[in-house]
Amino acid sequence: MVNTGFPSKACHTCRRRRVKCDLGRPGCLRCKKFGYECPGYRDLSRLGVNFRILTPESYPRQKRQDCDRQVTQNSEQDHDRYFQHVVTREPRLVNLYTPTEQWEAHAKPFLLSQFTIVTLQGTRVYDSLDFLPQLLERAGTESTLYKVCDAIASAYFANRSYSDSVGFGHRKLYVRALQSLSNDVSNVEKQSQDTTLAAVWLLCLYELIVGARGQEPRGWRTHGEALIGLLRLRGQNQFQTRTGCQLFQLAYQTVQIQAIRTGRMPPPEAVTWLQSMQTSAMAKKLLFLPAFLYSDLASRIYSTICDLIDQGSQEKMLESINDIIIACKTLESSIDAVLTECPASQSRLGPSDDLATGQSHEWLMKQHAANYLGACLFQVYQGTVKLLSETLKANISPKIHAALLCLHESSIERLKHLSDRILVSLPLLMPVKMASVDKQGPNIPTWGHALKLLWPLGLISSSANVHDSQRAAANLGLLRIGYEAGIMQAVGG
C-alpha cells in the first residue's frame with residue numbers, strides 16, 4: 001500500500017494487511033469476503049497533527065534544481081575521496097553477510113510446522129502423522145523424502161509470492177523428486193520402506209498444493225496408483241507396526257477418495273487388507289475401522305450406479321433401483337450406528353487440547369471421521385439422484401413414475417441434510433478469530449484439518465442438488481483452505 005502522506009481511511013484490518021479497502025460502511029466488503037470481522041474505522045478528525053512525506057516531486061521546481069546541483073557536487077567529491085582512499089591506503093576487509101545454509105535446510109521444519117498442533121502442554125505433530133519427525137530426521141539431503149519436502153515447500157511459497165520464477169523452481173524440484181523416487185521404486189530393498197510410501201503420499205499433497213479447482217490435479221491419479229502398488233508390496237506386515245498402520249491410513253484414504261470420485265471399484269486386495277486390520281491388535285488400537293469398511297462399501301455402491309448409467313439400459317436401471325435405494329439406506333443406518341453423537345464443544349481448554357480450534361483430540365478425530373463418511377454417503381446419494389433422473393426418462397406407468405419421483409426428491413433431501421451435517425462443523429474446525437491487535441487473523445490450524453475438509457467441501461460446492469447457501473458456505477471454506485493453508489486445489493491455481 002503506497003504511503004500518500006495522509007492518514008489512511010482504511011479499516012484497521014486492511015491497514016494491517018496492507019491491502020486496498022473499499023471503505024464500506026458499517027464494515028468493508030473485503031473483510032466480509034475473506035471471512036474477517038471488520039473492526040471499523042478510526043476517527044481522522046481526532047488524529048491531531050498530520051505528517052507529510054516529502055519527496056523530490058513535492059519541492060518547487062527551482063528548489064529541486066538547486067538540490068540536484070548540490071547532490072551532484074557532493075557525489076563528485078565523494079567519488080574523488082573514494083579513489084584517493086583506494087590508491088593511497090591498503091585495502092580493508094569488507095564485512096559481507098554470507099548465509100550459513102541454503103533455504104532448503106528449512107523445508108523439513110516447515111513441513112512439520114504445517115502438521116503441528118499447539119496445546120497448553122506445548123506442540124505436537126498431528127496424530128496420524130506423528131511418525132513423520134523421525135522419518136524426516138533420518139532423511140539425508142540426497143534422499144527422496146528430503147527432495148519431496150523441497151518441492152512442497154517451494155510450491156507453497158510460490159503460491160504465497162505469486163512469482164513465476166519461484167513456480168518454475170518448484171517444478172524443477174518436483175521433477176528431481178520424481179527421478180529420485182523412480183530409483184527407489186526400482187530398488188527391491190527400498191520398495192517396501194516407510195520412507196518410500198511417505199514420499200509418494202507427500203507427492204499427492206504436492207499435487208493438491210499446485211492443482212486447479214474443478215480439475216483432477218496433474219499426477220494425483222498416477223501417485224494414487226503408485227500407493228496401491230506399494231501397499232501390495234508391503235503386504236500384511238505393514239499392520240504390525242505403529243508407523244505401518246498410520247501410513248496405511250494416509251495412503252488408503254487417498255486410494256478410497258480416488259476410487260469413489262471416479263466410480264471405480266476399490267483394489268481387489270482391499271478385502272484382504274481390511275481383514276488384516278481387523279485381526280491386527282496394533283491396527284485396531286490406532287485406526288477407526290468403520291471408516292475404511294463403510295467407505296469401501298460406498299465405493300462399491302457408487303461404482304455399480306456408474307456402471308448402470310454407462311450401460312444406458314433403462315430396463316436394467318428399473319430392475320436395480322430398489323436394490324440401490326435399500327443399499328443406500330442400509331449404509332446410512334450403519335454409519336449412524338457407529339458414529340454416536342460427538343462430545344460437546346468445550347468452554348474451557350484442557351492441557352492437551354488444540355489451542356487453535358479449542359477442541360479436544362477426541363472431538364476432532366470423531367468429527368473428521370463423521371465428515372469423511374458423510375462425504376462418502378453424499379457421493380452415493382449424488383449418484384442415486386442421477387440414476388433416478390435417467391430412470392424417469394423411461395416409458396413407465398404413472399404409478400411407477402410417481403414412486404420414482406418421490407425417491408428422487410427424498411434423495412435430494414438426503415443430500416441437503418448431509419451437507420448441513422458437514423457444514424455445521426466448519427466454525428469449530430476452521431474458527432474465525434477476531435481481527436484485533438492482540439489476536440491473530442483467521443487461520444486454519446494445520447494441513448491435517450484442511451486436507452480432511454477438502455473433499456467433503458468440494459462435493460458440496462460442485463453439487464447442483466443442494467441449497468445455494470450451502471454451496472456458498474462450502475465455497476467460503478474452500479477459499480480459506482486455498483489462501484490460508486496454501487492448498488490451491490481448493491480455489492484454482
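Every value quoted in this text rests on a predicted model; they were computed, and no experiment measured them.
Taking the six-membered ring where the residue is Trp, the centroids of His223 and Tyr206 are separated by 6.0 Å or more.
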Checklist entry - How far apart are the C-alpha atoms of Gln256 and Ser299, what are their side-chain angles, what is the distance that settles it, and do they pass the side-chain hydrogen bond (donor to acceptor under 3.5 Å, both in side chains) test? => result CA-CA 7 Å; Gln256 282 185 324; Ser299 297; 5.8 Å; no
Checklist entry - Is there a side chain to side chain contact (heavy atoms under 4.5 Å, CB included) between Gln238 and Trp273 once you walk through the steps? => result CA-CA 10 Å; Gln238 62 189 316; Trp273 291 337; 4.2 Å; yes
Next on the checklist: Using the rule given for side-chain hydrogen bond (donor to acceptor under 3.5 Å, both in side chains), can you reason through Asp323 versus Ser320, listing the C-alpha separation, both sets of side-chain angles and the distance that settles it, and then say yes or no?
Outcome noted: CA-CA 5 Å; Asp323 292 337; Ser320 305; 5.8 Å; no
Next on the checklist: Is there a side chain to side chain contact (heavy atoms under 4.5 Å, CB included) between Gln114 and Ile152? Walk through the geometry before answering.
Outcome noted: CA-CA 11 Å; Gln114 297 301 305; Ile152 290 175; over 6 Å; no
Next on the checklist: Set out, in order, the CA-CA distance, both residues' side-chain angles and the distance that settles salt bridge (Lys or Arg N to Asp or Glu O under 4.0 Å) for Glu225 and Arg264, then state yes or no.
Outcome noted: CA-CA 12 Å; Glu225 295 294 337; Arg264 294 180 300 163; 2.8 Å; yes
Checklist entry - Would Leu478 and Leu454 satisfy side chain to side chain contact (heavy atoms under 4.5 Å, CB included), going step by step from the backbone distance to the final call? => result CA-CA 7 Å; Leu478 291 172; Leu454 187 61; 4.0 Å; yes
Item to check | From CA spacing to verdict: side chain to side chain contact (heavy atoms under 4.5 Å, CB included), Asp296, Arg300 | outcome: CA-CA 6 Å; Asp296 256 35; Arg300 296 179 191 282; 3.9 Å; yes
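The closest side-chain heavy-atom distance from Ile481 to Met430 is below 4.5 Å. Between Leu404 and His408, the closest side-chain pair of non-hydrogen atoms is not below 4.5 Å. For the pair Cys376 and Tyr294, the minimum side-chain heavy-atom distance is 4.5 Å or more. Using a 4.5 Å heavy-atom threshold, the side chains of Ile335 and Pro290 count as separate. Between Leu428 and Trp363, the closest side-chain pair of non-hydrogen atoms falls below 4.5 Å. Using a 4.5 Å heavy-atom cutoff, the side chains of Leu418 and Arg421 are in contact. Between Cys149 and Leu136, the closest side-chain pair of non-hydrogen atoms falls below 4.5 Å.
Judged purely by distance below 3.5 Å, without hydrogens or angles, the side chains of Tyr381 and Glu332 pair a donor atom with an acceptor atom. Using a 3.5 Å distance cut-off with no hydrogens or angles, the side chains of Ser425 and Asn371 do pair a donor with an acceptor. No side-chain donor-acceptor contact under 3.5 Å links Thr304 and Asp307. Side-chain N/O atoms of Ser360 and Asp353 include no donor and acceptor closer than 3.5 Å.
What you find for Ser419 and Phe378 is that their closest heavy atoms are OG-CE1, 3.2 Å. Here the shortest heavy-atom pairing between Gly383 and Ile305 reads O-CG2, 3.4 Å. For Leu459 against Ala375, the heavy-atom pair with the smallest separation is CD1-O, 3.4 Å. What you find for Ile412 and Asn465 is that their closest heavy atoms are CG2-O, 3.4 Å. Closest of all the heavy-atom pairs between Ser411 and Leu388 is OG-CD1, 3.9 Å. Across all their heavy atoms, Pro431 and Arg480 have their closest contact at O-NH2, 3.4 Å.
Distance check, rounded to the nearest 0.5 Å: CD of Gln314 to NZ of Lys316 gives 13.5 Å. From Leu377, atom CG reaches atom CD1 of Ile422 across 9.0 Å, with rounding to the nearest 0.5 Å. Rounded to the nearest 0.5 angstrom, Met488 CE and Tyr483 OH are separated by 6.5 Å. Atom CG of Asn475 sits about 10.0 Å away from atom CD1 of Ile460, to the nearest 0.5 Å. Annotation: the span from Ser186 atom OG to Gln191 atom CD amounts to 7.5 Å, rounded to 0.5 Å. Here the CD-CG distance, from Gln253 to Leu451, works out to 10.5 Å after rounding to the nearest 0.5 Å.
Using a distance-only test at 3.5 Å, with no hydrogens or angles considered, no donor-acceptor pair links the side chain of Ser180 to the main chain of Ala177. For Ser295 (side chain) and Phe292 (main-chain N/O), no donor-acceptor pair under 3.5 Å exists by modelled atom type. Without hydrogens or angle criteria, Arg232 side chain to Glu269 main chain gives no donor-acceptor distance under 3.5 Å. At distances below 3.5 Å, at least one donor-acceptor pair connects side-chain atoms of Gln379 with backbone N or O atoms of Ile260. A side-chain donor-acceptor contact under 3.5 Å links Ser143 to the backbone of Gly140. Using a distance-only test at 3.5 Å, with no hydrogens or angles considered, a donor-acceptor pair links the side chain of Ser462 to the main chain of Gly458. Gln470 places a side-chain N or O within donor-acceptor distance of the main-chain N or O of Lys416, the cut-off being under 3.5 Å. Judged by distance alone, with hydrogens and angles left aside, the side-chain atoms of Thr196 form a donor-acceptor pair with the main-chain N or O of Lys190 at under 3.5 Å. Judged purely by atom type and a 3.5 angstrom limit, Ser280 has no side-chain atom pairing as donor or acceptor with the backbone of Ser276. Side chain of Ser154 to main chain of Ala151: no donor-acceptor pair is present (N/O by atom type, distance under 3.5 Å, no hydrogens or angles).
In summary, Arg138 and Asp194 do not engage in a salt bridge, as defined by a charged side-chain N under 4.0 Å from a carboxylate O. Of the charged side-chain nitrogens involved, at least one lies within less than 4.0 Å of a carboxylate oxygen, so that Arg176 and Asp150 count as a salt-bridged pair.
Within 6.0 Å of NZ in Lys386 there are 12 or fewer heavy atoms belonging to other residues, nucleotides or ligands. Crowding of Gln121 atom CD: a count of heavy atoms from other residues, nucleotides or ligands under 6.0 Å exceeding 12.
The one candidate from Ile209, Leu129, Leu208 that meets the side chain to side chain contact (heavy atoms under 4.5 Å, CB included) condition with Trp447 is Ile209. When the options Arg242, Met277, Gln240 are evaluated for a side chain to side chain contact (heavy atoms under 4.5 Å, CB included) with Met282, the one that passes is Arg242. Each of Leu231, Val255, Leu227 was checked for a side chain to side chain contact (heavy atoms under 4.5 Å, CB included) with Pro267, and the lone residue meeting it is Val255.
Classified by interplanar angle (parallel below 30°, tilted 30° to 60°, perpendicular above 60°), the ring pair Phe157/Phe110 is tilted.
Within the structure, every pair that satisfies the salt bridge (Lys or Arg N to Asp or Glu O under 4.0 Å) test and touches residues 460-469, not counting sequence neighbours, is listed here: Asp468-Arg471.
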